[in-house]
Amino acid sequence: MSAEERLRAERLRKLEDLRAQGIDPYPARCERTHTAQQLHERFSELPPGEETEEFVWVAGRITGRRVLGKASFWDLKDGTGRIQLLLSQDALGEERYELLLRDVDLGDFLGAYGRVVRTRRGELSVRVEDVQLLAKALRPLPEKWHGLKDREARYRQRYLDLLVNEPSRRTFETRSRIVRAMRQFLDERGFLEVETPILQPIYGGTAARPFTTYHNELEQTLYLRIAPELYLKRLLIGGFERVYEIGKNFRNEGISTRHNPEFTMLECYQAYADYEDMMELTEQMVYAIAQELGKEKLSYQGHDVDVTPPWRRLPLREALLEHTGLDLEELPTHEALWEAVQRKGLFVDQQPTWGRLVDELVSEYVEPKLIQPTFLLDYPKEISPLAKAKPEAPHLVERFEPFIGGLELGNAFSELNDPLDQRERFREQEEQRRRGDEEAHPLDEDFLLALEYGMPPTGGLGLGVDRLVMLFTDARSIRDVILFPALRPKKDGARTP
RNA sequence: GGGCCCGUAGCUCAACUGGCAGAGCAGCUGGCUUUUAACCAGAAGGUUGGGGGUUCGAGUCCCUCCGGGCCCA
């Protein structure tokens with residue numbers, strides 16, 4: 001029997017002993033009048049050595065224990081904080097006190113009843129006169145002092161990470177506040193929150209490979225959405241002027257410190273607006289979130305960042321000229337651009353199109369440099385099949401991506417609402433798909449049908465929620481802001497359960 | 001996909017150039033009625049991620065597989 005199994009067997013033995021004493025180790029109901037935090041707030045003025053007339057019930061997990069013979073001090077941790085329990089043989093009786101010491105372990109859930117007292121050393125405590133076992137734990141918690149450090153274990157057993165690593169817990173509380181602030185910002189501006197299909201007969205809205213599934217009853221292949229875009233646009237056609245959706249997207253691609261196969265996205269659309277309006281919306285929304293967190297100025301991975309609007313507007317052509325010395329206007333064909341890249345001695349996989357090559361260059365040489373909030377704007381039409389062309393430069397589109405701390409946070413356009421142009425763009429994508437681009441957009445006849453009924457001029461924005469959380473929590477890896485990140489399954493030979 | 005690094009007790013970590021696998025916490029036994037990482041005494045706890053190889057001898061060197069991290073693509 002391994003050490004781990006012995007520890008578990010020891011606790012199982014205690015569980016049986018408790019049952020033999022007529023104690024239900026997993027009762028259905030529990031008493032509770034106060035949280036730890038409520039006691040600390042309410043009795044902050046209680047002087048050392050004094051106790052209340054009033055009795056309270058507290059409930060939580062035992063995380064520490066100091067036994068001094070016939071009296072002992074136990075730490076009880078609940079969702080709000082910690083409170084000390086003072087147990088003594090005098091108050092509980094010899095038999096009950098010894099049973100508690102014998103059969104209750106660190107990690108068990110316990111309810112405790114008694115007067116509130118501040119000890120001579122100044123620690124607010126409950127002087128326990130009655131207890132109720134609430135749940136027995138069969139496995140030991142990670143060490144109290146050092147916590148759980150093993151990254152793999154922290155990801156695979158997030159509950160332990162949350163339990164013993166306070167910063168991790170705070171990260172996910174911050175995540176929730178960010179999403180709440182985002183909703184509040186949009187709600188106040190008259191945006192309607194909606195839900196659109198995750199299972200889609202044709203995927204679209206961005207360039208990515210989808211997960212495929214099958215509906216038995218419909219006898220139909222379905223795709224997990226890679227973006228909600230084409231459904232949200234149908235709502236604009238239906239007359240809603242401002243809509244948004246916060247939800248999961250699924251992309252069947254690589255996993256990295258910035259990519260999880262399922263991730264959370266905000267998409268919002270505003271009729272009678274364009275990408276300039278969406279830039280303002282973006283910087284105002286991120287600023288509102290920052291204000292909510294008190295982080296208008298923040299540090300991300302060692303860089304000082306200030307998200308106060310207005311943010312820098314940087315045309316993509318200028319950015320590439322500055323960081324690579326290449327002028328896209330002088331390299332209008334794939335051949336010319338490819339040759340220039342080669343001359344620079346840069347290693348870039350040869351991509352099937354000019355636009356893809358531009359995309360590679362930007363990712364490689366420009367994006368990591370964009371530390372202060374920046375809108376990179378005016379992208380090649382070729383890699384933006386859902387965006388409206390710039391009237392004064394028809395090979396470019398009204399599209400931007402916001403960057404902070406080198407993180408790509410989203411994507412936005414003046415949405416293409418010309419159904420005939422849209423059909424032509426889809427046709428070009430089909431052409432690219434035939435040439436081997438697996439990520440090219442498939443033609444969506446049903447979306448084109450909707451578009452032919454007329455969509456108002458519209459600005460659209462997608463923001464990566466996980467990336468935004470990374471920024472505000474100074475997380476290096478997206479796995480640190482996703483509760484249960486995708487990991488390879490554990491197989492024989494792996495160490496962690 | 002490529003390169004580098006890591007995996008030792010439930011948890012956190014040691015182990016020199018290849019030479020008896022250790023400690024703290026948790027657990028167990030005993031003591032202790034105001035502790036705060038309580039303390040004191042004692043006993044126990046190992047497939048060193050899996051498999052193979054080199055060697056008198058492998059946690060340590062080599063190969064391979066699994067998982068994770070970082071960098072590159």
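For clarity, every value in this text was computed on a predicted model and none was experimentally measured. Atom set for the values below is all heavy atoms of this structure, side chains included, hydrogens, waters and symmetry mates excluded. By convention in this document, chain letters (A, B, ...) are assigned in the order of the sequence lines, proteins followed by strands, and residues within each chain are numbered from 1.
- Separating the CD atom of Glu4(A) from the C1' atom of A9(B) is a distance of 10 Å, rounded to the nearest angstrom.
- Nucleic acid contact for Arg139(A): none, since no nucleic acid atom lies under 4.0 Å from a heavy atom of the residue.
- Taking both residues in full, the closest heavy atoms of Leu87(A) and Leu100(A) are given as CD2-CD1, 3.7 Å, listed atom of the first, atom of the second, then distance.
- Here, G10(B) and C6(B) have their P atoms 22 Å apart, quoted to the whole Å.
- Under the side-chain hydrogen bond (donor to acceptor under 3.5 Å, both in side chains) criterion, Glu10(A) pairs with Arg13(A), not counting sequence neighbours.
- Of the residues in residues 35-43 of chain A, not one places a heavy atom less than 4.0 Å from an atom of RNA chain B.
- Remark: Arg488(A) is in phosphate contact with G68(B), judged by side-chain N or O atoms under 4.0 Å from OP1 or OP2.
- Comparing G45(B) with A21(B), their P atoms sit 14 Å apart, to the nearest whole Å.
- Atom CZ of Arg154(A) is separated from atom P of U12(B) by 11 Å (rounded to the nearest Å).
- The separation between Lys77(A) atom NZ and U36(B) atom C1' is 16 Å, rounded to whole Å.
- Comparing the C1' positions of A14(B) and A73(B) gives a spacing of 38 Å, expressed to the nearest Å.
- Between Glu123(A) and Arg102(A), the residue whose closest nucleotide on RNA chain B is further toward the 5' end is Arg102(A).
- Between Asp378(A) and Tyr275(A), the side chains place a donor N or O and an acceptor N or O closer than 3.5 Å (distance only, hydrogens not considered).
- Each salt bridge (Lys or Arg N to Asp or Glu O under 4.0 Å) pair with one or both residues in residues 58-73 of chain A, not counting sequence neighbours, appears once here: Arg66(A)-Asp75(A).
- Legend: residues meeting ring-ring contact (aromatic ring centres under 6.0 Å, His included) with Phe375(A), ordered by chain and number and at least two apart, are Trp311(A), Phe400(A).
- Atom P of nucleotide A73(B) and atom CZ of Arg258(A) are separated by 13 Å, given to the nearest angstrom.
- At a threshold of 4.0 angstrom between heavy atoms, the contacts of Gly147(A) are confined to the sugar-phosphate backbone, with no base atom among them.
- Residue pairs satisfying the salt bridge (Lys or Arg N to Asp or Glu O under 4.0 Å) criterion with at least one member in residues 395-412 of chain A, sequence neighbours excluded, are listed as follows: Arg399(A)-Glu401(A).
- Distance from the side chain of Gln84(A) is smallest to U36(B) among G67(B), U36(B), C71(B).
- With hydrogens and angles left out, the side-chain atoms of Glu143(A) and His146(A) include a donor and acceptor closer than 3.5 Å.
- Taking the side chain of Arg479(A) as heavy atoms from C-beta on, and the options A38(B), G69(B), C70(B), the nearest nucleotide is G69(B).
- Residues satisfying the salt bridge (Lys or Arg N to Asp or Glu O under 4.0 Å) test with Glu229(A), not counting sequence neighbours, are Lys233(A).
- Between the NZ atom of Lys149(A) and the P atom of U8(B) there is a distance of 14 Å, rounded to whole Å.
- Separation of the P atoms belonging to C28(B) and U48(B) is 26 Å when rounded to the nearest angstrom.
- The residue among Pro142(A) and Ser125(A) whose nearest nucleotide of RNA chain B is located toward the 5' end is Pro142(A).
- Atom CG of Leu101(A) is separated from atom P of C28(B) by 10 Å (rounded to the nearest Å).
- With sequence neighbours excluded, no residue satisfies ring-ring contact (aromatic ring centres under 6.0 Å, His included) with Tyr379(A).
- Across the C1' atoms, C66(B) and G27(B) are found 30 Å apart, a figure rounded to whole Å.
- Summarising the geometry, the separation between CD on Glu98(A) and C1' on U29(B) is reported as 14 Å, rounded to the nearest angstrom.
- The salt bridge (Lys or Arg N to Asp or Glu O under 4.0 Å) search around Arg170(A) returns Glu166(A), not counting sequence neighbours.
- In summary, Arg434(A) and Glu431(A) engage in a salt bridge, as defined by a charged side-chain N under 4.0 Å from a carboxylate O.
- Judged as a side-chain hydrogen bond (donor to acceptor under 3.5 Å, both in side chains), and not counting sequence neighbours, the contacts of His395(A) are Glu329(A).
- Rounded to whole Å, atom P of G10(B) lies 13 Å from atom CG of Asp150(A).
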Using a cut-off of under 3.5 Å, enumerate the N/O to N/O pairs linking the protein to nucleotides 20-27 of chain B.
unit_1 : atom_1 : unit_2    : atom_2 : d
A26(B) : OP1    : Lys144(A) : NZ     : 3.3

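- Separating the P atom of C65(B) from that of G42(B) is a span of 49 Å, rounded to the nearest Å.
- The C1' atoms of U60(B) and U55(B) are separated by 13 Å, rounded to the nearest whole Å.
- Comparing U17(B) with C70(B), their P atoms are spaced 29 Å from each other, to the whole Å.
- In this structure, the nucleotide among G68(B), U12(B), C70(B) sitting nearest to the side chain of Leu148(A) is U12(B).
- Side-chain contact between Val58(A) and Thr35(A): absent, with no pair of heavy atoms (C-beta onward) separated by less than 4.5 Å.
- Using N1 to N3 plus N6-O4 or O6-N4 for Watson-Crick, or N1-O2 and O6-N3 for G-U wobble, each under 3.5 Å, C4(B) pairs with G69(B).
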Side chains of residues 18-32 of chain A: which donor-acceptor partners sit under 3.5 Å, not counting sequence neighbours?
unit_1   : atom_1 : unit_2    : atom_2 : d
Asp24(A) : OD1    : Tyr26(A)  : N      : 2.9
Tyr26(A) : OH     : Lys136(A) : O      : 2.9
Arg32(A) : NH2    : Asp78(A)  : OD2    : 3.1

When you compare the protein's N or O atoms with those of nucleotides 31-34 of chain B, which come within less than 3.5 Å of each other, and at what distance?
unit_1 : atom_1 : unit_2    : atom_2 : d
C32(B) : N3     : Val67(A)  : O      : 3.4
C32(B) : N3     : Gly69(A)  : N      : 3.1
U33(B) : OP2    : Lys70(A)  : N      : 3.2
U33(B) : O4'    : Leu68(A)  : O      : 3.4
U33(B) : N3     : Asp90(A)  : OD2    : 3.1
U33(B) : O4     : Asp90(A)  : OD1    : 2.4
U33(B) : O4     : Asp90(A)  : OD2    : 3.1
U34(B) : O2'    : Arg120(A) : NH2    : 3.3

